[in-house]
Amino acid sequence: MTIIRPATDADLSAIAEVFIETRTRCLPYLNWEYSQEVMEGVFAKQIAHTPFWVALADRQVVGFASATLDEIEHLYVLPEFHGQGIGKALLDQCLSNAGREVRLWAFQANHQARHFYEKHGFVAEFETDGQENMEKTPDARYVLRR
């Protein structure tokens with residue numbers, strides 16, 4: 001059984017681990033390298049100002065998401081837990097607190113994420129060459145209008 005709960009500072013290490021592991025395994029085309037320590041610092045700053053949730057399976061953090069009223073900023077699930085409804089549960093949690101329009105970014109080459117968001121009603125608004133994101137990788141802007 002998966003449990004979705006608000007993240008706390010005690011979850012920062014696990015959140016950083018999920019982020020690094022998922023990006024390393026699912027997004028091998030990205031040219032980036034961030035240490036566990038750096039990512040814990042990044043998420044510590046974000047969690048202080050943005051709602052974060054973690055997904056637990058057998059008491060282990062296996063995914064996380066963060067969102068504002070109009071933007072999903074993160075949604076990551078460890079690859080071995082894909083296809084089990086955890087991403088959908090995290091997405092639903094984000095949307096339960098969201099406004100009428102919600103946006104997010106996905107890398108153009110991340111076909112799995114793009115399919116997931118499109119399946120749940122998001123529509124691509126436009127694509128970029130990626131020069132404005134920190135990874136310098138082409139991405140796509142999605143919107144869900146409710």
Side-chain angles (χ1 to χ4, degrees), residues 2 4-56 61-146:
T2 302
I4 306 294
R5 67 161 172 77
T8 68
D9 288 343
D11 297 312
L12 287 171
S13 177
I15 289 169
E17 287 174 19
V18 168
F19 180 83
I20 291 168
E21 182 70 16
T22 302
R23 279 188 153 217
T24 299
R25 291 174 53 197
C26 296
L27 309 173
Y29 48 82
L30 289 183
N31 183 20
W32 74 284
E33 257 185 65
Y34 296 100
S35 69
Q36 177 77 19
E37 181 180 7
V38 167
M39 291 316 303
E40 285 180 29
V42 167
F43 290 126
K45 289 176 187 171
Q46 291 178 2
I47 205 170
H49 304 288
T50 306
F52 266 73
W53 299 274
V54 291
L56 303 170
V61 173
V62 298
F64 73 95
S66 70
T68 63
L69 291 176
D70 62 357
E71 180 93 17
I72 295 176
E73 296 183 0
H74 300 287
L75 197 161
Y76 289 89
V77 175
L78 288 172
E80 58 268 29
F81 291 91
H82 288 182
Q84 298 181 28
I86 296 170
K88 173 75 165 97
L90 286 166
L91 179 61
D92 288 347
Q93 180 63 55
C94 291
L95 294 176
S96 73
N97 298 306
R100 294 180 49 91
E101 288 190 359
V102 181
R103 289 179 167 75
L104 60 86
W105 290 97
F107 294 112
Q108 289 180 33
N110 191 348
H111 301 293
Q112 184 178 10
R114 294 182 77 172
H115 175 74
F116 172 81
Y117 292 122
E118 290 167 3
K119 181 172 127 182
H120 295 294
F122 284 82
V123 176
E125 287 186 292
F126 59 88
E127 295 180 339
T128 80
D129 63 6
Q131 293 310 301
E132 300 296 318
N133 65 45
M134 71 181 193
E135 296 87 357
K136 304 297 183 219
T137 301
D139 54 10
R141 183 70 162 169
Y142 278 85
V143 63
L144 174 68
R145 291 183 175 96
R146 308 190 285 169

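Values below: every heavy atom of this structure, side chains too, minus hydrogens, waters and symmetry copies.
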- request: Looking only at non-hydrogen atoms, find the nearest pair between T2 and I86 and report the distance.
  value: OG1-CG1, 3.6 Å
message: Between R23 and V18 (side chain of the first, backbone of the second, donor and acceptor by atom type, cut-off under 3.5 Å), is there such a pair?
response: no
- request: Could I get the full list of side-chain contact (heavy atoms from CB on, under 4.5 Å) partners for E21, not counting sequence neighbours?
  value: R25, L78
task: Go through the structure and list residues passing side-chain hydrogen bond (donor to acceptor under 3.5 Å, both in side chains) with Q46, not counting sequence neighbours.
output: H74
message: Could you check whether atom CD of Q131 has more than 12 heavy atoms from other residues, nucleotides or ligands sitting under 6.0 Å from it?
response: yes
field: Point-to-point distance, once rounded to the nearest 0.5 Å, from CG of L56 to CD1 of I4
entry: 7.5 Å
query: What closest approach, in Å, do L75 and G87 show between heavy atoms, and which atom pair accounts for it?
result: CD1-O, 3.9 Å
- request: Answer whether the closest heavy-atom distance between the side chains of F122 and V143 falls below 4.5 Å.
  value: no
message: The criterion is side-chain hydrogen bond (donor to acceptor under 3.5 Å, both in side chains); which residues satisfy it with Y142, sequence neighbours excluded?
response: R114, E118
query: side-chain hydrogen bond (donor to acceptor under 3.5 Å, both in side chains) with Q84: which residues, sequence neighbours excluded?
result: none
message: Restricting to side-chain hydrogen bond (donor to acceptor under 3.5 Å, both in side chains), what partner residues turn up for S35, sequence neighbours left out?
response: none
task: Report yes if the side chains of T8 and F52 come closer than 4.5 Å at any heavy-atom pair, otherwise no.
output: no
- request: Answer yes or no: is there a donor N or O on one side and an acceptor on the other, between the side chain of D11 and the main chain of A14, under 3.5 Å?
  value: no
Min side-chain heavy-atom separation V54-L90 under 4.5 Å: no
Side chains of residues 102-110: which donor-acceptor pairs under 3.5 Å do they make with residues two or more places apart or in other chains?
| unit_1 | atom_1 | unit_2 | atom_2 | d |
| --- | --- | --- | --- | --- |
| R103 | NE | E125 | OE1 | 3.0 |
| R103 | NE | E125 | OE2 | 3.4 |
| R103 | NH1 | E101 | OE1 | 2.9 |
| R103 | NH2 | E101 | OE1 | 3.2 |
| R103 | NH2 | E125 | OE2 | 3.1 |
| Q108 | NE2 | T128 | O | 2.8 |
| Q108 | NE2 | D139 | O | 3.0 |
| N110 | OD1 | A113 | N | 3.1 |

message: Within the structure provided, determine whether E135 and N31 are in side-chain contact (heavy-atom separation under 4.5 Å).
response: no
task: Please check if the distance between the ring centroids of F43 and F19 is under 6.0 Å.
output: yes
query: Is the closest side-chain heavy-atom distance between W32 and M134 below 4.5 Å?
result: no
message: Could you work out, with side-chain contact (heavy atoms from CB on, under 4.5 Å) as the rule, every residue matching H82, not counting sequence neighbours?
response: C26, V77, P79, Q112
Shortest non-hydrogen separation from I47 to A7 and the atoms involved: CD1-CB, 3.7 Å
side-chain contact (heavy atoms from CB on, under 4.5 Å) partners for Q36, two or more places apart: S13, A16, E17, I20, E40
field: Pairwise side-chain hydrogen bond (donor to acceptor under 3.5 Å, both in side chains) hits with a residue in residues 61-72, at least two apart
entry: T68-D70, E71-R141
field: Partners passing salt bridge (Lys or Arg N to Asp or Glu O under 4.0 Å) against K88 (at least two apart in sequence or in another chain)
entry: D92
message: Looking at R100, I'd like to know if its CZ atom is crowded, meaning that more than 12 non-hydrogen atoms belonging to other residues, nucleotides or ligands lie closer than 6.0 Å.
response: no
message: Which residues pass the ring pair (Phe, Tyr, Trp, His ring centres under 6.0 Å) test with F81, not counting sequence neighbours?
response: none
field: Partner set under side-chain contact (heavy atoms from CB on, under 4.5 Å) for C94, not counting sequence neighbours
entry: W53, A65, A67, I72
